[in-house]
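Reckoned from all heavy atoms, side chains included, excluding hydrogens, waters and symmetry mates.
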Amino acid sequence: MLSESQSIAKLADFLDENFISATQSIYNTAGRLVVTGIGKSAIIAQKMVATFNSTGTPSLFLHASEAIHGDLGMIQNDDVIICISKSGNSPEIKVLVPLLKRFGNTLIAITGNTSSFLAKGSDFVLNTTVTSEACPNNLAPTNSTTAQLVMGDALAVCLMEMRDFKPEDFAVYHPGGALGKKLLLKVKDMLEHSLKPMVTPDASIKKVIFEISEKRLGVTAVVDQHKVIGIITDGDIRRMLNERDNFTDLTAKDIMTKNPKMTSSEAMVVEAFNIMEDFSITQLVVVDHGEYKGVLHIHDILKEGIL
């Protein structure tokens, strides 16, 4: 692990005008980014493509050996190509580079050999030289593939910054699973409008208890002339019962909590959760332009698997 981390740290010393020009070429192209390699480098290329695609840079993976058997047809005139190879001199790369250049596409090399066939045939060279592999025999690609991966990540992050790529943009490409829900789900998507606990300020405690029990959210809003003026939780009911033997003379307004924490239906669920966490509460009253919409419960958020 230390060997690989040290190899990564040295990459910063290799950054030069080539990195700047390569990033600008990708950013300015009207085409796609095609990433190719062979062996372990091909696997790194696939991960790069996945990262680029999810961060706003349309990308394709091209296997170097398959390229010369028909897959070159996927490359279009405006595409920028990244070719990954530690040595830059493998037989497949020597065959592929002239073919790539024949189409006039911009070629970016990610290689650990800056004097290699690949480097000399490329427009820009990103140096991923490592002094040795972490492998005890100095053979299995370890440090070198990690260096390639980090260089690809550096390109992706720079392109994100150039595009001012925001979390909501990221969400567009990640609509599924917990991540998609976290980035896309709004409070209104989780509100069950049939469960809208509500009592008037002069409602009896019996009515309050019935409303909390029936709607099963552990809370009811106290609404006066369509405006939420407070809430009553099941905890408020328990405290009242502990303090009094007789509550027939009490009404909702006598035991409610005034000025409850609120959110809007257009707020992101994750933002609502943060409010609950900050104030150590489990429910939020949802209000839009003064109109009571319902209650969001922390259990609903947790059931969605968002957090």
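Considering Val125, Ile81, Val34, Val80 in turn, Ile81 is the only one that fulfils the side-chain contact (heavy atoms from CB on, under 4.5 Å) rule with Leu107.
Ion pairing between a basic and an acidic side chain is recognised when a charged N comes within 4.0 Å of a carboxylate O; Asp13 and Lys10 show no such pairing. Remark: Lys166 engages Asp164 in a salt bridge, criterion side-chain N to carboxylate O under 4.0 Å.
Checking side-chain atoms of Asn137 against main-chain N and O of Leu139 turns up no donor-acceptor pair under 3.5 Å. Using modelled atom types, one side-chain atom of Asn89 and one backbone atom of Phe117 make a donor-acceptor pair closer than 3.5 Å. For the pair Thr29 (side chain) and Ser25 (backbone), a donor-acceptor distance under 3.5 Å is absent. Side-chain atoms of Asn105 come within 3.5 Å of backbone N or O of Asp79 as a donor-acceptor pair. In terms of modelled atom types and a separation under 3.5 Å, the side chain of Arg163 and the main chain of Phe165 share no donor-acceptor contact. A donor-acceptor contact shorter than 3.5 Å links the side chain of Asn28 to the backbone of Gln24. Ser116 places a side-chain N or O within donor-acceptor distance of the main-chain N or O of Asn113, the cut-off being under 3.5 Å. A donor-acceptor contact shorter than 3.5 Å is absent between the side chain of Thr257 and the backbone of Gly230.
Leu100 is listed as a side-chain neighbour of Leu96, based on a closest heavy-atom distance under 4.5 Å. Counting heavy atoms from C-beta outward, Leu99 and Ile68 have side chains that approach closer than 4.5 Å. Thr55 places none of its side-chain heavy atoms less than 4.5 Å from the side chain of Leu159. No side-chain heavy atom of Tyr292 sits under 4.5 Å from any side-chain heavy atom of His226. The side-chain heavy atoms of Met48 and Asp153, taken from C-beta on, include no pair separated by under 4.5 Å. Contact check for Glu4 versus Thr142: side-chain heavy atoms found under the 4.5 Å cut-off. Between Lys207 and Thr251 the shortest side-chain heavy-atom distance does not fall below 4.5 Å. The side-chain heavy atoms of Val219 and Ile232, taken from C-beta on, include no pair separated by under 4.5 Å.
By the 6.0 Å contact criterion, NZ on Lys47 is enclosed, its count of non-hydrogen atoms from other residues, nucleotides or ligands being greater than 12. Lys101 NZ: more than 12 foreign heavy atoms inside a 6.0 Å radius.
Of the inter-residue distances, the one linking Leu217 atom CG with Asp300 atom CG reads 7.0 Å to the nearest 0.5 angstrom. Interatomic distance, CD of Gln46 versus CD1 of Ile84, reported as 10.0 Å (0.5 Å rounding). Here the CD1-OG1 distance, from Ile44 to Thr145, works out to 5.0 Å after rounding to the nearest 0.5 Å. For the atom pair NZ (Lys206) and CZ (Phe247), the distance works out to 9.5 Å, reported to the nearest 0.5 Å. Taken to the nearest 0.5 Å, the CD atom of Glu214 stands 10.0 Å off from the OG1 atom of Thr220. Note that the OG atom of Ser132 and the CG atom of Asn138 stand 5.5 Å from one another [nearest 0.5 Å].
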### Task
Kindly indicate, with the supporting measurements, whether the criterion side chain to side chain contact (heavy atoms under 4.5 Å, CB included) is fulfilled by Ile93 and Val97.
CA-CA 6 Å; Ile93 296 300; Val97 169; 3.8 Å; yes
### Task
Determine, stepwise, if the pair Lys215 / Glu211 fulfils salt bridge (Lys or Arg N to Asp or Glu O under 4.0 Å).
CA-CA 6 Å; Lys215 302 299 171 59; Glu211 187 71 2; 2.8 Å; yes
### Message
For a salt bridge (Lys or Arg N to Asp or Glu O under 4.0 Å) check, start with the C-alpha distance between Asp236 and Arg239, then their side-chain angles and the critical distance, and finish with the verdict.
### Response
CA-CA 5 Å; Asp236 293 325; Arg239 282 186 289 273; 2.7 Å; yes
#### Entry: Stepwise side chain to side chain contact (heavy atoms under 4.5 Å, CB included) test for Ser87 and Thr111
CA-CA 7 Å; Ser87 71; Thr111 182; over 6 Å; no
### Message
Checking Arg244 against Asp249 for the salt bridge (Lys or Arg N to Asp or Glu O under 4.0 Å) test, could you report, in this order, the C-alpha distance in whole Å, the side-chain angles of both residues, the deciding distance, and whether it holds?
### Response
CA-CA 11 Å; Arg244 298 177 66 105; Asp249 59 330; 3.1 Å; yes
### Task
Start with the C-alpha gap between Lys86 and Glu133, add the side-chain angles, then the distance that decides, and say whether salt bridge (Lys or Arg N to Asp or Glu O under 4.0 Å) holds.
CA-CA 11 Å; Lys86 177 187 176 182; Glu133 301 286 5; 2.8 Å; yes
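Residues satisfying the side chain to side chain donor-acceptor pair (under 3.5 Å) criterion with Thr263, sequence neighbours excluded, are absent altogether. Under the rule for a side-chain contact (heavy atoms from CB on, under 4.5 Å), the partners of Thr282 that lie at least two apart in sequence or sit in another chain are His297, Ile298. Asn53 pairs by the side chain to side chain donor-acceptor pair (under 3.5 Å) definition with nothing, not counting sequence neighbours.
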